[in-house]
Participant: 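Questions regarding the structure given below will be posed in turn.
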Amino acid sequence: MKTFYIETFGCQMNVHDSEKVVGTLIAQGYRQVPKPEEADLVLYNTCSIRDKAEQKVFSRLQQFKREAGKGKTFAVLGCVAQQEGERIFERAPHVSLVCGSASYTRLPEMLVQLEAGARRVTGLDRDTQETFETPFTRRDNPHRAYITIIEGCDKSCAYCVVPFTRGRERSRASDSIMEEARRLADEGYTEIQLLGQNVNSYRDPSSRGWDFATLLARVAEVEGIRRVRFTTSHPRDFVKEIVDAIDANPVLANHVHLPVQSGSTRVLERMQRQYTREEYLERIAWLKASPRNVAITTDIIVGFPGETEEDFEQTLSLLDEVQYDAIFSFKYSPRPNTPALALDGQVPEEEKGRRLMVLQEKQRGIQLRLHEQLVGTTQEVLVEGYNRATGQWIGRTAENRVVNFTLEGSNGHSVIGQYMHVHVTRAGPNSLAGYGV
Ligand code: 5AD
Ligand code: SF4
């Protein structure tokens with residue numbers, strides 16, 4: 001039997017794509033192995049959001065260069081595949097398959113070509129209307145499942161490669177999404193995460209014509225599902241109806257990830273984000289007005305071309321104003337094809353590093369204060385794992401906070417996958433700690 005190994009880089013979209021690729025390969029008669037050394041087919045599902053992510057795949061490919069002659073086949077999937085295309089064959093001549101995410105429906109036929117001895121196969125078409133729907137998805141987590149609802153991105157943020165790597169926006173039919181959600185509930189999954197580069201612009205292509213808020217409400221009604229999350233949102237398309245849906249059904253997790261990128265309207269405009277600081281704050285105000293105490297997280301880029309000290313300070317003041325539950329922050333990284341390459345005012349690497357540190361330090365303080373307010377409360381968590389070293393279980397609240405906790409009488413009995421209540425006794429910037437009650 002043929003064997004394969006897959007390693008995934010990048011976002012949840014990529015993680016879920018890999019689950020579908022694994023399912024597809026297994027349906028084609030392949031068996032998954034845990035080490036590249038053992039595999040006939042080695043696949044890297046790659047990310048090119050920042051240069052560092054892109055370099056990773058090339059260093060991996062260098063590592064195993066000599067194995068290619070021994071009958072091992074190498075495949076590059078995902079965003080670097082789409083971005084670099086056939087140039088990958090020049091940089092790594094031992095690669096045989098290069099395939100972007102918009103061509104994954106063609107993977108079975110490409111594998112057949114490889115098996116028939118084809119030396120080089122590519123799938124690089126981006127102008128596809130296809131979504132990567134497969135009945136064979138092999139999920140990694142037995143309790144929490146991803147469901148793709150929309151693929152691609154039609155925005156044109158000046159820094160971002162995604163429109164070039166994942167193609168045009170295409171929504172999946174709502175009956176297909178609902179069917180998958182029901183099937184997952186039947187299989188015992190209790191948490192669903194709806195995925196897309198911009199879930200807010202979901203528009204049901206079927207005659208039902210559901211918008212995103214309607215879809216959310218319907219998925220939350222599926223019996224057996226206890227938590228529904230969604231990612232990622234674009235502030236411009238984030239409408240009040242989404243908050244109303246969260247208010248109306250506690251199954252919708254009280255957590256929204258709303259990437260802001262910068263607190264300065266001037267920088268936002270240069271980024272082509274299509275909203276101002278004030279418009280963004282209006283959406284935050286809807287979330288803050290919710291009786292459900294919605295956790296808010298964000299993404300921030302520092303050192304975008306032309307970002308002045310004053311612009312950066314506006315990002316810092318935005319953190320004070322919003323009081324995010326968590327942020328993901330990055331130094332701007334110039335990406336091929338993107339409009340930001342043409343902008344002047346590149347910020348020196350060192351200065352980007354300084355801004356990133358200042359930002360993260362500030363956020364650390366905010367998170368610590370927010371978490372300290374939770375000491376003494378009881379939180380419901382979905383148990384995700386066990387830490388042998390500390391003897392603590394690891395759970396996650398609906399707000400997406402990590403809670404480490406002890407559990408008397410569990411005697412090594414696994415409680416993973418269960419919902420439990422935890423009394424919080426300690427708070428750190430990145431997690432809470434307590435005991436199960
Ligand atoms: N440089 C740095 N960060 C970027 N992101 C996207 N493109 C870039 C880039 N060129 C960040 C954004 C986005 C997150 C997924 O990655 O903050 O929301
Ligand atoms: Fe990376 Fe963006 Fe591609 Fe996800 S969509 S893998 S974050 S480049």
Side-chain angles (χ1 to χ4, degrees), residues 8-18 20-21 44-57 76-85 87-88 98-104 123-132 146 148-172 193-203 212 230-238 257-262 267-268 270-275 297-301 304-305 328-343:
T8 309
F9 304 91
C11 64
Q12 286 142 323
M13 296 287 285
N14 253 24
V15 171
H16 187 39
D17 279 347
S18 285
K20 297 188 226 179
V21 169
Y44 295 110
N45 191 3
T46 62
C47 171
S48 63
I49 197 86
R50 284 169 291 276
D51 189 53
K52 242 199 219 154
E54 179 178 340
Q55 294 319 321
K56 273 188 198 155
V57 61
V76 178
L77 308 179
C79 293
V80 177
Q82 190 71 61
Q83 178 192 294
E84 293 301 302
R87 281 196 297 267
I88 290 181
V98 173
C99 181
S101 66
S103 307
Y104 289 163
L124 296 168
D125 190 10
R126 268 193 294 128
D127 292 325
T128 169
Q129 265 316 304
E130 290 191 58
T131 53
F132 183 32
Y146 296 124
T148 308
I149 64 165
I150 180 168
E151 302 199 42
C153 183
D154 280 356
K155 292 276 186 290
S156 50
C157 305
Y159 50 80
C160 189
V161 281
V162 172
F164 307 95
T165 64
R166 285 188 167 266
R168 308 279 312 177
E169 223 167 71
R170 45 215 191 271
S171 292
R172 179 173 167 194
Q193 185 154 354
L194 302 177
L195 286 184
Q197 290 304 335
N198 179 6
V199 289
N200 309 140
S201 64
Y202 174 80
R203 178 56 74 171
F212 178 60
F230 54 91
T231 192
T232 247
S233 292
H234 190 294
R236 160 110 184 177
D237 302 325
F238 188 86
H257 183 64
L258 201 58
V260 66
Q261 313 301 358
S262 167
V267 172
L268 288 171
R270 285 168 67 87
M271 287 177 165
Q272 300 175 31
R273 286 290 284 177
Q274 302 176 309
Y275 56 84
T297 57
T298 202
D299 292 343
I300 289 172
I301 297 174
F304 185 75
F328 301 87
S329 49
F330 315 98
K331 291 191 274 186
Y332 167 69
S333 166
R335 305 311 295 134
N337 308 313
T338 56
L341 290 179
L343 294 177

Participant: State, to 0.1 Å, how close Glu169 and Ile150 come at their nearest heavy-atom pair, and which atoms those are.
Facilitator: CG-CD1, 3.5 Å

Participant: Any sub-3.5 Å donor-acceptor pair from Arg170's side-chain atoms to Glu130's backbone N or O?
Facilitator: yes

Participant: Is Arg335 reaching over with its side chain to a backbone N or O of Val162, donor-acceptor style, under 3.5 angstrom?
Facilitator: no

Participant: Mind listing the closest non-hydrogen atom pair of Gly152 and Gln197 along with its distance?
Facilitator: O-CB, 3.5 Å

Participant: Which atom names give the shortest non-hydrogen contact between Leu124 and Ser103, and what distance separates them?
Facilitator: N-OG, 3.7 Å

Participant: If we check side-chain contact (heavy atoms from CB on, under 4.5 Å) with Gln261, which of these qualifies: Ile300, Thr298, Asp299, Val267?
Facilitator: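 Result: among Ile300, Thr298, Asp299, Val267, Asp299 is the only option passing the side-chain contact (heavy atoms from CB on, under 4.5 Å) with Gln261.
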
Participant: Checking Arg166 side chain against Glu151 main chain: does a donor-acceptor pair fall under 3.5 Å?
Facilitator: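 Side chain of Arg166 to backbone of Glu151: no pair is present.
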
Participant: Does the side chain of Lys155 come under 3.5 Å of the side chain of Ser201 through a donor N or O and an acceptor N or O?
Facilitator: no

Participant: Using a distance-only test with no angle check, is there a side-chain donor-acceptor pair under 3.5 angstrom linking Thr8 and Asn45?
Facilitator: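 Result is no, nothing qualifies.
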
Participant: Going by the side-chain contact (heavy atoms from CB on, under 4.5 Å) test, name the single residue among Ile49, Thr46, Val80 that passes it with Glu54.
Facilitator: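 For Glu54, the side-chain contact (heavy atoms from CB on, under 4.5 Å) check succeeds only for Val80.
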
Participant: Of the non-hydrogen atoms in Gln82 and Ser101, which two are nearest, and what is the gap between them?
Facilitator: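 Taking every non-hydrogen atom into account, OE1-N, 4.2 Å.
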
Participant: Taking it one step at a time, do Gln193 and His16 satisfy side chain to side chain contact (heavy atoms under 4.5 Å, CB included)?
Facilitator: CA-CA 10 Å; Gln193 185 154 354; His16 187 39; over 6 Å; no

Participant: In chain order, what residues pass the salt bridge (Lys or Arg N to Asp or Glu O under 4.0 Å) check against Arg168, with sequence neighbours excluded?
Facilitator: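 In terms of salt bridge (Lys or Arg N to Asp or Glu O under 4.0 Å), with neighbours along the sequence ignored, Arg168 is linked to Asp154.
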
Participant: Can you tell me how far the OH atom of Tyr146 sits from the OG atom of Ser18, to the nearest 0.5 Å?
Facilitator: 11.0 Å

Participant: Given side chain to side chain contact (heavy atoms under 4.5 Å, CB included), test Tyr44 with Lys56 step by step and report yes or no.
Facilitator: CA-CA 10 Å; Tyr44 295 110; Lys56 273 188 198 155; over 6 Å; no

Participant: Relative to each other, are the rings of Tyr104 and Phe132 parallel, tilted or perpendicular (30° and 60° limits)?
Facilitator: perpendicular

Participant: Do the side chain of Asn14 and the main chain of Phe9 share a donor and acceptor less than 3.5 angstrom apart?
Facilitator: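 Looks like yes, one N/O pair under 3.5 Å.
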
Participant: Can you give me the closest heavy-atom contact between Ser233 and Val199, atom names plus distance?
Facilitator: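 Distance-wise, the nearest heavy atoms are OG-CG2, 4.1 Å.
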
Participant: How far apart are the C-alpha atoms of Thr148 and Lys20, what are their side-chain angles, what is the distance that settles it, and do they pass the side chain to side chain contact (heavy atoms under 4.5 Å, CB included) test?
Facilitator: CA-CA 11 Å; Thr148 308; Lys20 297 188 226 179; 2.9 Å; yes

Participant: Kindly give the heavy-atom pair with the smallest separation between Gln274 and Arg236, and that separation in Å.
Facilitator: O-CD, 3.3 Å

Participant: In terms of side-chain heavy atoms, does Arg273 have a donor or acceptor partner in Tyr159 at a distance below 3.5 Å?
Facilitator: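 There is such a pair between these side chains.
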
Participant: Residues in ring-ring contact (aromatic ring centres under 6.0 Å, His included) with Tyr332, at least two apart?
Facilitator: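 Residues passing ring-ring contact (aromatic ring centres under 6.0 Å, His included) with Tyr332: Phe304.
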
Participant: Dump the intermediate steps for side chain to side chain contact (heavy atoms under 4.5 Å, CB included) on His257 and Phe328, then the final yes or no.
Facilitator: CA-CA 10 Å; His257 183 64; Phe328 301 87; 3.7 Å; yes

